[in-house]
Amino acid sequence: MQIRNVDFLLTFRCPAKCKHCSYKAGPERRGYMKLKDAKSYLEELTDTQPLQSITVHGGEPFLYFEHLKEIIEKAGEVVVPRRGVITNGYWAKTKEIAKKKLVELKRVGLTCITFSLDSFHQEYIPLEIVKTGIETAANIGFDRVCVDSYFLAGIDSDNFYDTLTREALESLRGLDEVEVHRYRVSFEGRGAELTRHVKLREDLPSGKCPLRFWIDGTLKNPETIEIDFEGNVTLCPGICIGNTKRQPLTQLLQNYNCHAHPILSIIAEKGPVGLLEIAEEKGFKQRKFVDECHLCYELRKYLRAYYPQFLTPVDCY
Ligand code: SF4
């Protein structure tokens with residue numbers, strides 16, 4: 001396994017509780033990645049892998065701002081070229097506060113900041129606050145300032161959520177240096193509840209695993225991993241390939257074999273529909289899904305009790 005990108009899921013705590021969150025983050029969640037763990041992951045990865053980027057997210061990483069700063073600083077020391085964070089911007093309550101935090105992050109070596117902005121986040125974080133964060137970040141001199149927006153049905157859809165997201169994005173007009181990324185919601189975690197607002201397919205989604213946009217490579221040779229604060233090393237949310245509390249990260253990556261993983265081996269060979277046979281033997285009945293990833297999620301959720309160490313963290317389900 002040749003890892004080029006690592007995501008640290010610093011915490012699943014968050015001031016928001018978005019309807020589409022894959023990790024079911026929220027104010028009631030507890031726990032965060034210890035600095036000694038984060039630093040040792042960075043040392044191991046840069047010693048053994050062609051690591052090009054680190055992205056810290058969660059949950060909301062600015063809740064542990066001093067940790068966030070130290071992780072970014074350490075990533076610079078071990079020469080990870082791209083160092084980013086994803087935030088909902090809740091902290092940008094005034095221009096002065098936003099500037100102070102962003103200047104500190106620039107000083108310790110942050111190169112890219114991504115703000116989440118869409119109808120789901122804005123149910124909890126006032127648009128004006130996140131806009132203050134984005135506008136301030138655009139003037140600090142980061143290599144990249146990005147906005148990630150999630151759509152329920154599609155960028156042109158006229159449903160309530162997508163209309164609000166479009167309006168929120170329109171309000172950024174004029175900020176030409178900001179990159180806007182538009183994605184479709186993943187119907188997993190808390191997002192699985194959103195399927196009642198979209199059309200389900202009549203046929204069974206039986207295509208290949210499309211692989212998530214952030215995982216470069218393939219399921220057999222993924223180039224991106226996520227590590228959460230409990231040591232779970234995951235590909236898609238809730239698909240675990242090992243835990244750093246049980247096995248050193250370097251060893252875990254060296255030993256990774258997609259064919260030996262009871263869930264990924266099937267998904268890689270037959271697509272997520274391959275899991276259906278096992279689930280149906282155990283009583284799974286659901287027949288309608290949005291797409292391959294929704295099918296995959298519902299099957300994994302059903303099978304979780306049989307493969308707890310491979311289908312974790314539990315809060316994804
Ligand atoms: S949810 Fe399943 S089908 Fe979708 S990208 Fe992840 S592993 Fe592949």
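As the structure is a computational prediction, the values presented were derived from the model and not from experiment. Each ligand, and each atom within it, is numbered from 1 in the order the structure gives.
If you check which protein heavy atom lies closest to atom 7 (S) of ligand 1, you get Ile239 CD1, 3.7 Å. Closest to atom 6 (Fe) of ligand 1 among all protein heavy atoms lies Cys236 SG, 2.3 Å. In terms of protein heavy-atom proximity, atom 4 (Fe) of ligand 1 is nearest to Cys293 SG, 2.3 Å.
Near Leu211, the atoms of ligand 1 lying under 4.0 angstrom from a non-hydrogen atom of the residue are 5 (S). Taking a cut-off of under 4.0 Å to the non-hydrogen atoms of Pro272, the atoms of ligand 1 that pass are 3 (S).
Between atom 4 (Fe) of ligand 1 and Cys209 there is no N/O/S contact shorter than 2.8 Å. Here Cys296 reaches atom 2 (Fe) of ligand 1: one of its N/O/S atoms is less than 2.8 Å from the metal.
Counted by atom type alone, Asn232 and Thr234 present zero donor-acceptor pairs between their side chains at under 3.5 Å. Remark: the His121 side chain and the Asp118 side chain contain an N/O donor-acceptor pair separated by less than 3.5 Å. Judged purely by distance below 3.5 Å, without hydrogens or angles, the side chains of Thr11 and Glu60 never pair a donor atom with an acceptor atom. Side-chain polar atoms of Tyr41 and Thr244 form a donor-acceptor pair below 3.5 angstrom.
For the salt bridge (charged side-chain N to carboxylate O under 4.0 Å, His left out) with Glu188, the qualifying choice from Arg212, Lys301, Lys24 is Arg212, the only one to do so.
Ranked by closest heavy atom to atom 1 (S) of ligand 1, the top entry among Glu292, His294, Arg212 is Arg212.
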With salt bridge (Lys or Arg N to Asp or Glu O under 4.0 Å) as the criterion, how do Arg82 and Asp143 come out once you've worked through the C-alpha distance, each side chain's angles and the decisive distance to 0.1 Å? CA-CA 9 Å; Arg82 299 192 302 276; Asp143 292 352; over 6 Å; no
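A distance of 6.0 Å or more separates the ring centres of Phe229 and Tyr32.
Arg300 counts as a contact of ligand 1, since one of its heavy atoms falls under 4.0 Å from the ligand.
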